[in-house]
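None of the values given here were measured: they were computed from a predicted structure.
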Amino acid sequence: MQYQSTRDKKQKVSASRAILQGISAEGGLFVPEKLPELSIQRLERMIDQDYIRRAQDILGDFLSDFSREEIASCLQNAYGSGNFASSKIAPLSRLGKDAYLLELWHGPTCAFKDMALQLLPQLMVVSAKKSGKGEETVILVATSGDTGKAALEGFRDVPGIRIVVFYPEEGVSPLQKLQMATQEGENVFVAAIQGNFDDAQTGVKRLFSDRETIEKLRAQNRVFSSANSINWGRLLPQIVYYVSAYCDLVQEEQIALGEPINVCVPTGNFGNILAAYYAKRMGLPIRKLICASNRNNVLSDFIRTGTYDRNRPFYATSSPSMDILVSSNLERLLFHLMDEEDERIKDLMSQLTDKGRYTVAPDVLARLQVDFAGGFCDEAQTADTIRRVFENYSYLCDPHTAVAVSVYEQYRDQNGDDTKTVIASTASPYKFPHSVLSALGEELSGQDAFEIAQKLEQVSQCPMPGQLSGLRNKPIRFTESFSKEQMGYALERAL
């Protein structure tokens, strides 16, 4: 299988090169030339398999220049080495009659990014060996909270790799910030940026394409790559858990084999829901993909109107990983909806850069709305959902998951669609104890994050994961803050 760029279809690379390079030279994103088929017969064979075996089956089609043994080793190192607190890796919890929470936060950093970022370093090390150039890979990451820590943990002390993470100084939760500031490893560097996530992401993209920076790296026998979801190696592992969730529903006799489901995903950079779209295109019986936004509802507006417009107020919310106005992975979806016309994609991306907005043609919007529905949830609705879910189901959810639950409920009530729905639960509630405890109506004043977390444990009777409680006594390593114009200087410091 070959991978082509969304902005120049003539650029074709192998899976290992797409993973190692991260992004195409002209700024496009790599997508597979074709998608493998996921037939009902193939799904039936997967039902009694464990998570790793299902992943092996799916990844084998996409990683055609990896041997079966290489894929098996990567998967075992990622998911089979005690890194995940649940033996099912991504278990389901029932929420009412027709909804199921897909818990993607049982990994080492308690966020769904672990599902991909425990595997990506393994894939990248194998890819680097295949290149045969002996270069050191420099991973640049912009994070709105969870990607940064998950990437730092995944790439920590991996030979031949350095990782530099940029996060918005005031745009992550206190525990997310502490997770990154205390990160261990000799090959890691963390920098706060005086701006929002979009500033950090724009700065990283600028560094990726800066010729002077690239030449400096080349002289040091170094190359750039990315651990953000612009890297196909980040997106591919996410396809697996939607397929696995479907198999679990069949195995647990919640649905019949072949019965369609809906999938609802709290979405910021559009990668997590795009993985579900790929699973649907491969043949997984998904009826509707429900895109859940917070107050920064640029995506739900786009799905409704066909106009993508980032020229709007930016809101810092209780679901910071979704506080994004430029959703990079949408470019991949548009490429498929526009019949892979790369010139049209380049034009839209230029409009977004120059004017901050673009509008797709009516036929493209119609195709989008066949597969996708969109909705959003404000701060009051988010808090209310956290409270209601706990009161009604004794289930404690984080603000991102609450956004998805709220939007799912809105969609169901407005459309009368009682299709069984998998809702992506993307983080432990203890990553956001302030927001969760406040939503439950408890007093917060005069307490630090750990005191609040302890009170949340008492109120909910749900224990705090050890990965988070252990942060309290860890030394802080990274305290520096840079303006967005200083990101190149911060990179030099890191190297």
| query | Is it the case that Ser328 and Lys205 place a side-chain donor and acceptor less than 3.5 Å from each other? | reply | yes

| task | Would you confirm whether the ring centroid of Phe372 sits within less than 6.0 angstrom of the ring centroid of Phe270? | result | yes

| query | Looking just at side-chain N and O atoms, do Asn294 and Asp323 make a donor-acceptor pair shorter than 3.5 Å? | reply | yes

| field | Centroid separation Phe432 to Trp105 less than 6.0 Å | value | no

| request: Please check if atom NZ in Lys455 has more than 12 non-hydrogen atoms from other residues, nucleotides or ligands closer than 6.0 Å. | output: yes

| query | Is the closest side-chain donor-acceptor distance between Asn272 and Tyr241 under 3.5 Å? | reply | yes

| said: Would you call the rings of Phe62 and Trp232 parallel, tilted or perpendicular, taking 30° and 60° as the class edges? | reply: tilted

| message | Suppose we call two aromatic rings close when their centres sit under 6.0 Å apart. Are Tyr79 and His106 close by that rule? | response | no

| said: Using modelled atom types and a 3.5 Å cut-off, is there a donor and acceptor pairing between side-chain atoms of Asp417 and backbone atoms of Arg412? | reply: no

| According to the interplanar angle, ranging from 0 to 90°, do the rings of His336 and Tyr277 count as parallel (below 30°), tilted (30 to 60°) or perpendicular (above 60°)? | tilted

| query | Do the non-hydrogen side-chain atoms of Gln454 and Ser469 ever get within less than 4.5 Å of each other? | reply | no

| Going by atom types only, do Asn329 and Arg332 share a side-chain donor-acceptor pair under 3.5 Å? | yes

| task | Return yes if some donor-acceptor pair links the side-chain N/O of Lys484 with the main-chain N/O of Gln194 below 3.5 Å, else return no. | result | no

| query | Going by distance alone, is a donor N or O of one side chain under 3.5 Å from an acceptor N or O of the other, for Glu103 and Ser93? | reply | yes

| request: Check whether any side-chain N or O of Asn83 sits under 3.5 Å from a backbone N or O of Gly107 as a donor-acceptor pair, and report yes or no. | output: no

| query | Ignoring hydrogens and geometry, is there a side-chain-to-backbone donor-acceptor pair from Ser173 to Gln176 under 3.5 Å? | reply | yes

| said: Do Leu75 and Leu119 have side chains that approach each other closer than 4.5 Å (heavy atoms only, starting at C-beta)? | reply: yes

| said: Looking at Gln238 and Met115, would you say the former's side chain and the latter's main chain have a donor-acceptor pair under 3.5 Å? | reply: no

| request: Keeping the roles fixed (side chain from Gln254, backbone from Glu252), state whether a donor-acceptor pair exists under 3.5 Å. | output: yes

| said: I want to know whether His400 and Phe112 have ring centres closer than 6.0 Å. | reply: no

| message | Quiz question: by atom type and distance under 3.5 Å, do the side chains of Arg287 and Thr419 form a donor-acceptor pair? | response | yes

| field | Thr202 and Asp199: side chain donor to acceptor below 3.5 Å | value | no

